[in-house]
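Beneath this line is the structure, given in structure tokens, with notes to follow.
Quick note: numbers below take in every heavy atom, side chains included, and nothing from hydrogens, waters or symmetry partners. Because the structure is a prediction, the values reported are computed rather than measured.
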Amino acid sequence: MKPYVCLTFCFLFLIGIRDSVIGKVVLSTGLHFDSGVLYEYEYSTSMEVAPISEDFGEATAFTVLATIHIHSLWRNSQQEQLLQLQIQNLKLNPNSSDSTSKPVILGDMASGSEHFKEPFLVHIHSGKIKGVFDVSSDNTVSLNFKKGLAMLLQIQAQSGIIKEDDTTGQCQVSYHMSGDDIIRVKHHENCEKRMTDEKMFANQLLRVSSGGSSETVFTMDGSHIKSVISEEFRSLVLDEYPTVGIHISSRQFLQLLSTHSGPNEAQGALQDMLSSLKAGYVNHTIHAIPAVRQPATKRYSVPKILAHLKAKELHTQSTTVNMFLQLSESLRNLEMIQIKNILKKAHAKFVPILIDAAAAASTPASLEALVSFIDIPNSKTSPLMEKFLYACAFSSQPSTHLINIITRILTHTSAQWETHEMALIVLGTVIRKMCSADMCYLQEVEHAKGLLVKGLSASTEEREIKSYLLALKSAHLPETVPVLLRYIDHSKSVSSIVLSALQGFPSQYITKEVKEHARDIFNQRKKSFSIPVRLDAAQLLLMYDPLDIDVREIILKIAEEKPEVSKFLTTKIMSVLRSDSPARNVIHNVLKDPKLNNYFHLARSGCSSSYAGLMTENKNMLASYDFEFLFSESGAPKKSNSHFYAQTRGRRLHLLQVSLETSGLDSLFGTEATGAEEEELMAGMSAMFLGVQIQPIVFFQGYGDLMSKYFSAGDGPMNIISGNILILDHRQSLILQSGLQAHGVFHGGLSVDASADLAFSLFTQESKTSVNNKFSLIVSAKAEVDAPLISTTAETVVKMDPSVRFVTTVSFYDTPVQYCLQLIREPLLYRESVSTRVNIQNRTELVQRHKQKWTLSGEETALNRENSKMCRNLLNSNSK
């Protein structure tokens, strides 16, 4: 009785540290399979794949069932053991939740069953799997399946966090004990090889995140496995739209059925024992091997592509972008001569979409085919060349080959300055994308950077200087800040480009030297500058880690400036105070001084303004705007800046920037800009879309040009940019804990049609600017899981056609000038399609499909109270 009492007392005493001690008791000698004993287990693994959609019902699923015989072939005194596992009675159920469906016996199938006839071996040392031996190494799916089964035999005897090798790679896992259970937990972000066969690009507009975790519960009977339940959850989700994505869940189950007498263990060395086996076993690591698969998207031959194009009518943007996605995928596997033949034989109306698709494919063959087809030296093909250059600028797959092609274009287009300027700007954009993808060190990139810097230094004409500065602005290279500063006090238009380029850099690159130049410009210490340039310099001082003294000087200067300049600076300061910019704290502290924070300095009248606000906000995304408007003292518009942003999951995207600038309008409407030099009559626009600088547009230059366009019928709105952009191209293979492999493909295209129209009425003394943006977006998310002789697929496709208009109406008829800003969102049609499929021996069965669509009503965004009041007055008077 004394030993029993002692053991009972010790057990009660140690309950408080049960997790650590019980684990050691349970596996004091490690995982154990007795010699001469055959263990019979029931095994099943089930898989579910489903779109991430609140309205979608049942997931597509299958279950693989089998009987597993395990016995020990060999062991030594160092806790090494070699186990033999035989898979028998392998069956599958295409849908585990359907009780009426009959399991299919895989052993009766001629194809694939031979991979499970021979047993496989598992080498274990101190609970860790050291290798998996198999006679068949030519079928990756079946080998990974066996590795996933072997993973259920890997157990650690102590609580804590350790690193383990498993099917998914080397992972950090945690073990803890609970009674007779050992629980293993793993988060896939802690795996060093959690992603395989991955293809994603740093410069694509939309991004995909993957995550997941697994939990395995081992129920032990002493040092023997009684049962194992392992559950895993994985996901692939579009960051910007989390309802587009795929959920994957899997479950493994191993249950001891019975034990029988079996063969005894062999003696001697492990290698001798392996050599004695008749079958030729090959040793593999526990890591699953990524299976090579055929592309998920159909690839067409040249005749099929031409026939497909001929049969299609691109009536809508949705049809166009869908065709663009298909073409970009199909062209990737074609040779240069094949792509060139497609371009030659295609109807002229399809050539633009083929240029977009070939540029998006971005293979050396597709790029060379485009350059050869367009014929660089031929000036008649310059519209196609411009189309090609913009397509390259929006490419998410920059390469040294692309850089070489653009530099080649530059050598042939020097006589055609507009095309040459566009090539320079695009080269800068490609350089920036290469550097953001950690390829800035490449020789071709270094050569291209030198080409821009040297070209700027050698330029003497203002037109050339501005083009090279726009290229450096697009390149966004910190080392070019000193180069930009050399031109900061140049002419009005050159200084504006330099200041806008500097405002795109992070704050650490806005050095003391940069700020000193900005102070010189704003305070006009060395020479006089135009008002827009001075205000750009003031904004740089206010936005980038402002000093108290700079904020004080700007506020003191407000009292000395003319009304419109004072009004602009006042509203800019108030706008910063309402934002989340770090500069707001500095401004807030300065305004604690009542000598500065008073009506004399900050209560100013005028039409100029600067303010920011929200367009829309939901749980997934926040869309905002930032507007700046500067008027002359007589009320004529001088400059406006409109910025549009989207923010999601901590990532802020600068979607669109439109800058409109005019000069000389005061004299046009019978007024004079007091104290200003006579300015040439001009109106122009500059834009950036998705980080790509668009070539500046001039509406008119000079009085004669204006009158010519005013009295002519006109060609309608001027095109800013139109085309198709590959915004998402993400392929990723996920190795699951069961050894099965999931393949995710995310594909997205955006069709863009942006135009601008500027109209003047001398009769009503009114100007109206309209920037129209029409888009069509298609995004698809698809995942497929492969198992022996079966696969299952889930897919989501989202389509929408947003359209936004930004209208500025200015009336000079009365003073003060009246202006109305309108941000109008047209009705939006949203369409979503989700489906699941299962494929057994190449026979596809559609399990479920669901479609839905709805229309979001259009609306006009309320910008601010003052603007709303002026819009009511101005628009109501026009309607009378």
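Around the CD atom of Glu860, the shell of radius 6.0 Å holds more than 12 heavy atoms that belong to other residues, nucleotides or ligands. By the 6.0 Å contact criterion, NZ on Lys768 is open, its count of non-hydrogen atoms from other residues, nucleotides or ligands being 12 or less.
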List the steps and the verdict of side-chain contact (heavy atoms from CB on, under 4.5 Å) for Met688 and Lys473. CA-CA 11 Å; Met688 290 187 70; Lys473 175 185 175 182; 3.9 Å; yes
Please step through salt bridge (Lys or Arg N to Asp or Glu O under 4.0 Å) for the pair Glu628 and Lys639, ending with a clear verdict. CA-CA 8 Å; Glu628 298 171 355; Lys639 188 173 183 179; over 6 Å; no
Is there a side-chain contact (heavy atoms from CB on, under 4.5 Å) between Val807 and Leu821 once you walk through the steps? CA-CA 6 Å; Val807 182; Leu821 316 176; over 6 Å; no
Let's go through Phe505 and His476 carefully: what are the C-alpha distance in whole Å and the side-chain angles of both, what is the deciding distance for ring pair (Phe, Tyr, Trp, His ring centres under 6.0 Å) to 0.1 Å, and is it a yes or a no? CA-CA 7 Å; Phe505 285 105; His476 205 61; 4.6 Å; yes
Take Gln695 and Leu470 through the side-chain contact (heavy atoms from CB on, under 4.5 Å) test and state the conclusion after the steps. CA-CA 9 Å; Gln695 195 170 23; Leu470 285 171; over 6 Å; no
Hey, mind stepping through Met800 and Arg831 against side-chain contact (heavy atoms from CB on, under 4.5 Å) and telling me if it holds? CA-CA 6 Å; Met800 61 183 78; Arg831 288 155 290 173; over 6 Å; no
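The residues Lys799 and Glu832 are annotated as not salt-bridged, no charged nitrogen and carboxylate oxygen being separated by less than 4.0 angstrom. Salt bridge annotation for Asp729-Arg731: present, with a cationic side-chain nitrogen under 4.0 angstrom from a carboxylate oxygen. The pair Arg805-Glu826 meets the salt-bridge criterion, since a charged nitrogen lies less than 4.0 angstrom from a carboxylate oxygen. Salt bridge status for Glu421 with Lys466: absent, with no side-chain N to carboxylate O gap under 4.0 Å.
The shortest distance between side-chain heavy atoms of Ile573 and Thr570 does not fall below 4.5 Å. Contact of the Leu540 side chain with the Leu502 side chain is registered, since non-hydrogen atoms from C-beta on lie closer than 4.5 Å. Side-chain contact between Tyr645 and Asp626 is present, with at least one heavy-atom pair separated by less than 4.5 Å. A heavy-atom distance below 4.5 Å is not found between the side chains of Val834 and Lys851. In this structure the side chain of Ile403 reaches within 4.5 angstrom of the side chain of Val445, judged on heavy atoms. The shortest side-chain heavy-atom distance between Tyr390 and Ile694 falls under the 4.5 Å cut-off. By the 4.5 Å heavy-atom criterion applied to side chains, Leu236 and Leu734 are counted as neighbours. Using a 4.5 Å heavy-atom threshold, the side chains of Ile721 and Val752 count as touching.
The backbone N or O of Leu577 sits less than 3.5 Å from a side-chain atom of Arg584, completing a donor-acceptor pair. For the pair Arg432 (side chain) and Leu427 (backbone), a donor-acceptor distance under 3.5 Å is absent. Side-chain atoms of His654 do not come within 3.5 Å of backbone N or O of Leu690 as any donor-acceptor pair. Proximity of a side-chain donor or acceptor of Ser436 to a complementary backbone N or O of Lys433 within less than 3.5 Å is detected. Proximity of a side-chain donor or acceptor of Gln657 to a complementary backbone N or O of Ser686 within less than 3.5 Å is not detected. Under a 3.5 Å cut-off, the side chain of Thr855 and the backbone N or O of Leu829 do not form any donor-acceptor pair. Side-chain atoms of Gln732 never come within 3.5 Å of backbone atoms of Val745 as a donor-acceptor pair (strictly under, hydrogens ignored). In this structure, the side chain of Ser722 does not engage the main chain of Asp753 through any donor-acceptor pair within 3.5 Å. A distance-only check finds no donor-acceptor pair linking the side chain of Ser575 to the backbone of Thr571 [under 3.5 Å]. Not one N or O on the side chain of Lys782 forms a donor-acceptor pair closer than 3.5 Å with the backbone of His747.
To the nearest 0.5 angstrom, Thr796 atom OG1 is 5.0 Å from Ile246 atom CD1. With rounding to the nearest 0.5 Å, the separation of CD1 in Ile406 from CG in Leu389 is 6.5 Å. Taken to the nearest 0.5 Å, the CD atom of Gln693 stands 12.0 Å off from the CG atom of Leu472. Residue Ser733 holds its OG atom at 5.0 Å from NE2 of His743, rounded to the nearest 0.5 Å. Met439 contributes atom CE, which lies 12.5 Å from atom CD1 of Ile431 (distance to the nearest 0.5 angstrom). Distance CG/Leu728 to OG/Ser396: 8.5 Å, rounded to 0.5 Å.
Side-chain polar atoms of Ser496 and Ser493 form no donor-acceptor pair below 3.5 angstrom. Using a 3.5 Å distance cut-off with no hydrogens or angles, the side chains of Asp239 and Ser209 do pair a donor with an acceptor. Checking Ser770 against Asn772 by side-chain atom types alone, a donor-acceptor pair falls below 3.5 Å.
Closest non-hydrogen pair, Ile355 versus Lys387, comes out as CG2-CG, 3.9 Å. Considering all non-hydrogen atoms of both residues, Leu331 and Ala361 come closest at CB-CB, 4.4 Å. Looking at every heavy atom in both residues, Leu655 comes nearest to Ala646 through CD1-CB, 3.7 Å. Here the closest heavy-atom approach between residue Ser213 and residue His187 is recorded as CB-ND1, 3.5 Å. Pairing each heavy atom of Phe746 with each of Val237, the nearest pair is CZ-N, 4.3 Å. Across Ser495 and Ile488, no two heavy atoms sit closer than the pair OG-O, 2.8 Å.
For Tyr625 and Phe627, the distance between ring centers is under 6.0 angstrom. Between Tyr544 and Tyr509, the distance from one ring center to the other does not fall under 6.0 angstrom.
Under the 30°/60° scheme for interplanar angles, the aromatic rings of Phe806 and Phe629 are found to be tilted. Ring geometry for Tyr830 against Tyr241 counts as tilted: the plane angle lies between 30° and 60°, on a 0 to 90° scale.
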